[in-house]
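One-based numbering, in listed order, for ligands and for the atoms of each.
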Amino acid sequence: MTDYRRLRVALLGAGAVGSQVASLLRQHADELADRAGARLELVGIAVRDVDAKRDADLPRELFTTDADSLIVGSDIVIELMGGIEPARAYLLQAINSGADVVTANKALLATHGPEIFDAADQVGAEVYYEAAAAGAIPIIRPLRDSLAGDRVQRIMGIVNGTTNYILDRMDTEGAEFDDVLADAQRLGYAEADPTADVEGYDAAQKAAILASLAFHTTVPLDAVHREGITSIDKSMMDAARHAGYVIKLLAVCERLNEASGESISVRVYPALIDRAHPLASVHGANNAVFVQAEAAGNLMFYGAGAGGVQTASAVLGDVVSAARRHIAGGVGVGESTLANLPIVPVGRVTTSYQITLEVDDQPGVLATVAGILSEGRVSIATVEQTVVESADGESGVARLVIGTHKALEQDLSDTVERLAASGVVERVVSVLRVEGN
Ligand code: NDP
Ligand code: HSE
């Protein structure tokens with residue numbers, strides 16, 4: 001056996017992901033040593049309760065509640081506790097004591113990333129976070145390294161497994177939102193508080209991380225426009241299917257070329273995707289990230305966005321990279337925020353839309369609706385009208401599904417307000433963006 005240098009590895013957290021990381025580190029110790037060029041010695045695991053039952057069989061003597069002491073003298077610190085504090089304080093402590101750090105903590109990076117990256121820069125350490133967006137899928141390294149010579153134009157990602165699972169079952173089985181959410185919680189996809197999933201907060205954190213990397217720009221979480229999927233119902237699913245679309249919660253990170261110069265938009269919302277688009281065939285709790293780059297063209301990254309052992313794969317890849325760097329020495333690669341492009345509000349984005357209205361089924365109504373759209377600079381691409389049936393068969397209400405050409409979001413929302421206030425529209429049933437066309 002090669003006599004490798006030993007690197008002290010401290011693990012903070014042994015939950016769904018941490019317990020699998022610890023288990024794989026021990027199980028594949030010899031192979032990982034050959035790959036890293038160093039023996040990765042797991043010196044301890046900090047948790048809240050040393051006696052809690054774990055998902056993997058790990059020696060009791062590795063566990064401690066004293067994270068501070070564990071960090072001191074470690075070469076690599078892996079943070080898998082989640083949340084902001086004390087994860088933030090421990091990561092800063094690790095960096096300042098000379099360790100390279102690995103984390104999967106999207107909530108922390110999306111809110112305190114610059115502070116952590118700056119601290120690492122100051123001391124020449126490196127922060128690895130492949131698992132912080134889209135779980136097991138390699139997407140951080142492709143954006144940071146493989147595409148470093150290209151210009152990313154756009155990312156469209158399905159980056160939350162829970163919402164994809166819910167929307168997929170609503171689409172394929174005609175299931176109701178509440179029933180499927182309960183299943184997602186039972187299967188362990190959803191966060192402890194599923195609001196983070198269904199209201200798009202989790203996806204927004206991942207979007208901020210991906211956009212920062214792709215556009216070499218610091219993207220604060222509050223610059224990400226966010227909408228969740230709680231308003232999506234069976235009738236919207238049916239209408240989408242009828243028009244040849246499927247509804248997905250998308251994280252869209254886009255470079256815009258406005259007259260005033262380049263800017264970016266980062267947004268998370270449920271959107272219609274053509275059924276022929278590669279993202280439409282992402283089923284269940286899987287994730288996928290579709291990247292459009294100037295020279296490389298279209299790239300698609302697909303796989304498990306969550307799960308203990310799957311996410312552990314991405315974490316261990318980072319640990320091997322951290323070990324190689326630690327052995328080679330030198331200064332870590334810092335985050336590139338050199339472009340720092342302006343981030344525009346969603347109102348400045350151009351997309352096409354599907355607007356569903358219930359209107360009075362009277363002569364001239366269609367012309368009135370078309371007039372309001374035209375005044376609002378929203379051009380109609382398609383219109384479909386059906387009569388809304390009532391118990392006696394004569395509701396006097398028609399349903400209009402209007403597909404638009406690309407329009408400015410601000411123009412569209414002003415126009416929808418005018419439609420809602422007009423005498424002919426009974427109800428704005430839904431307004432959904434169409435992406436990927
Ligand atoms: P869990 O909630 O399953 O585990 C958290 C672990 O951290 C537990 O072992 C817990 O200890 C420990 N911990 C929490 N707070 C403290 C504290 N104050 N001091 C010491 N230990 C603490 O989390 P996951 O494994 O699911 O997630 C870990 C990270 O990975 C998160 O940032 C998450 O966002 C990210 N991630 C998770 C994915 C997944 O599929 N689960 C996918 C991608 C990323 P104890 O067990 O004693 O309570
Ligand atoms: N709750 C998250 C999801 C876990 O559903 O994708 C992975 O970040």
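Within the 4.5 Å cutoff, no side-chain heavy atoms of Val102 are placed close to those of Val77.
Below 4.0 Å from some heavy atom of Asp197 lie the following atoms of ligand 2, by number and element: 1 (N), 2 (C), 3 (C), 5 (O). The Lys206 neighbourhood of ligand 2 comprises atoms 6 (O), 7 (C), 8 (O), with distances under 4.0 Å to a heavy atom of that residue. Within ligand 2, counting atoms from 1 as listed, the ones closer than 4.0 Å to a heavy atom of Thr162 are 1 (N), 3 (C), 5 (O). Distances below 4.0 Å separate heavy atoms of Gly305 from the following atoms of ligand 2: 7 (C). Using a 4.0 Å cut-off to heavy atoms of Asn160, the atoms of ligand 2 that qualify are 2 (C), 3 (C), 5 (O), 6 (O).
For the residue pair Arg141/Ser321, the side-chain donor-acceptor check at 3.5 Å is satisfied.
Residue-level contacts of ligand 1 at the 4.0 Å heavy-atom threshold are Gly13, Ala14, Gly15, Ala16, Val17, Ala46, Val47, Arg48, Asp49, Arg54, Leu80, Met81, Gly82, Pro86, Ala104, Asn105, Lys106, Ala131, Ala306, Gly307, Thr311.
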Output, in order, the C-alpha distance, side-chain angles, deciding distance and verdict of side-chain hydrogen bond (donor to acceptor under 3.5 Å, both in side chains) for Gln354 and Tyr245. CA-CA 10 Å; Gln354 187 193 65; Tyr245 296 118; over 6 Å; no
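Between Gly161 and ligand 2, at least one pair of N/O atoms sits closer than 3.5 Å.
Here the side chain of Asn287 pairs no donor or acceptor atom with the backbone of Gly303 at under 3.5 angstrom.
A cation-pi contact links Arg433 to Tyr269, judged by a cut-off of 6.0 Å to the six-membered ring centre and 45° from its axis.
Aromatic ring centroids of Tyr165 and His283 lie 6.0 Å or more apart.
Between Phe117 and Tyr129, the ring planes lie tilted relative to each other; the angle falls in the 30° to 60° range.
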